[in-house]
Amino acid sequence: MASGTDRRPIGLFDSGVGGLTVLSALMDRLPAESTIYLGDNARAPYGPRPGDDVRAFTLECTRWLLAHDIKLLVLACNTATSQALPEVRAASSVPVLGVVRPGALAAAAATRSGHIGVVATTGTVGSGAYPAALGEVAASLHVTQLACPRLVPLVEAGAREGAEVDHAVRGYLGELMEADPAIDTLLLGCTHYPLLRPLIEQAVGPRVAVVDSAFSTALAAEDLLDALAARAPDGGAATNLVYTTGDLAAFEVVADRIFPGALPGVEQAIVTAD
Ligand code: DGL
């Protein structure tokens, strides 16, 4: 593992708790790196919002993270990546990684039939970012997308199981698999959805590989830090700070399920338009 001297944190952004799935993969892969996570829970979900709102909110949160002296920004949100990545890159003084390309690479590597299903928010599906990214990897891939707008509010509310979420997951995935029964790979194109992975895997059955962008985004971050010679020293004390614009207690309930006892307290962020 490469070791360096750049102790500045990696910034991660999501509309809410979903990007914690990317944070978790990043902490596993790069334990020496400090991180600072911002969830814009006060304005989540982003999925149903017009693109102009997603871009404006994402840029505000980007400025907040840049003010915390980050060395790399990870847009740990597909909706923000698919609708705001060029604008964020233009506004950022540090390199920016999105989650769409890493997710597309993981799905393209996993499929055998060449038929990939993508579940995501309404905004991500409408942007066409995944069919475009998968088409860049291999033009022969057959992509079927489905927007699942009921899932993010359930995850934000802390639901991981139970009749309501099970019914929603089975309904969406039944519809997707009916649209293309040759799908052998399901790409979770929203960083909230890995939190429902057991239900999703049950609903699609063992014949379908379920992939997300968390691990491949952590690998992309590692490669980029190496290329920039911007790694933190090995064995240094990494800090992992977590902020939300929303309700602290509600955020902590979900965060604690992902990182049982492992994260320090969640703090309040005030993100402004200036
Ligand atoms: N976690 C986000 C994503 O990956 C967005 C959820 C939302 O705010 O709708 O798309």
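For ligands, and for the atoms within them, numbers begin at 1 and follow the listed sequence. Heads up: numbering here begins at 1 and tracks the sequence.
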Item to check | Non-hydrogen side-chain atoms of Thr244 and Val17 separated by less than 4.5 Å | outcome: no
Item to check | ligand 1-proximal atoms of Thr121, by part, heavy-atom distance under 4.0 Å | outcome: side chain
Item to check | Pair Arg43 + Asp53, salt bridge at N-O below 4.0 Å | outcome: no
Checklist entry - Which bit of Pro45 gets closer than 4.0 Å to ligand 1, counting heavy atoms only: side chain, backbone, both or neither? => result both
Item to check | Element-labelled atoms of ligand 1 that are located less than 4.0 Å from some non-hydrogen atom of His192 | outcome: 1 (N), 2 (C), 6 (C)
Checklist entry - Less than 3.5 Å between some nitrogen or oxygen of Thr124 and one of ligand 1, yes or no? => result no
Checklist outcome for this item: When distances are taken from atom 3 (C) of ligand 1, the protein heavy atom at minimum range is Asn78 N, 3.2 Å
Checklist outcome for this item: Quick note on ligand 1: atoms under 4.0 Å from a heavy atom of Ser15 include exactly 5 (C), 6 (C), 7 (C), 8 (O)
Next on the checklist: For ligand 1, which is the ligand I care about here, please tell me if Gly47 has any N or O atom under 3.5 Å from one of the ligand's N or O atoms.
Outcome noted: yes
Next on the checklist: Within the 4.0 Å heavy-atom shell around Tyr46, which atoms of ligand 1 are there?
Outcome noted: 7 (C), 8 (O), 9 (O)
Checklist entry - Looking at ligand 1, does Gly16 have a heavy atom less than 4.0 Å from it? => result no
Next on the checklist: Quick check on contacts: which atoms of ligand 1 are under 4.0 angstrom from a heavy atom of Val152?
Outcome noted: 6 (C), 7 (C), 9 (O)
Checklist entry - Distance under 6.0 Å and angle within 45° of the ring axis: does Arg49 meet both against Phe57? => result no
Next on the checklist: As an exercise, identify every atom of ligand 1 less than 4.0 angstrom from a heavy atom of Asp14.
Outcome noted: 1 (N), 2 (C)
Checklist entry - Is the Trp64 to Tyr243 ring centre distance short of 6.0 Å? => result yes
Item to check | Pair Glu175 + Arg170, salt bridge at N-O below 4.0 Å | outcome: no
Next on the checklist: Other residues, nucleotides and ligands only: do more than 12 of their heavy atoms fall within 6.0 Å of CD on Glu164?
Outcome noted: no
Checklist outcome for this item: Under 4.0 Å between heavy atoms, the region of Thr79 that gets near ligand 1 turns out to be both
Item to check | Residues Arg231, Asp226: salt bridge by 4.0 Å N-O rule | outcome: yes
Next on the checklist: Evaluate Asn240 against Thr35 for side chain to side chain donor-acceptor pair (under 3.5 Å), listing each step before the verdict.
Outcome noted: CA-CA 5 Å; Asn240 303 108; Thr35 57; 2.8 Å; yes
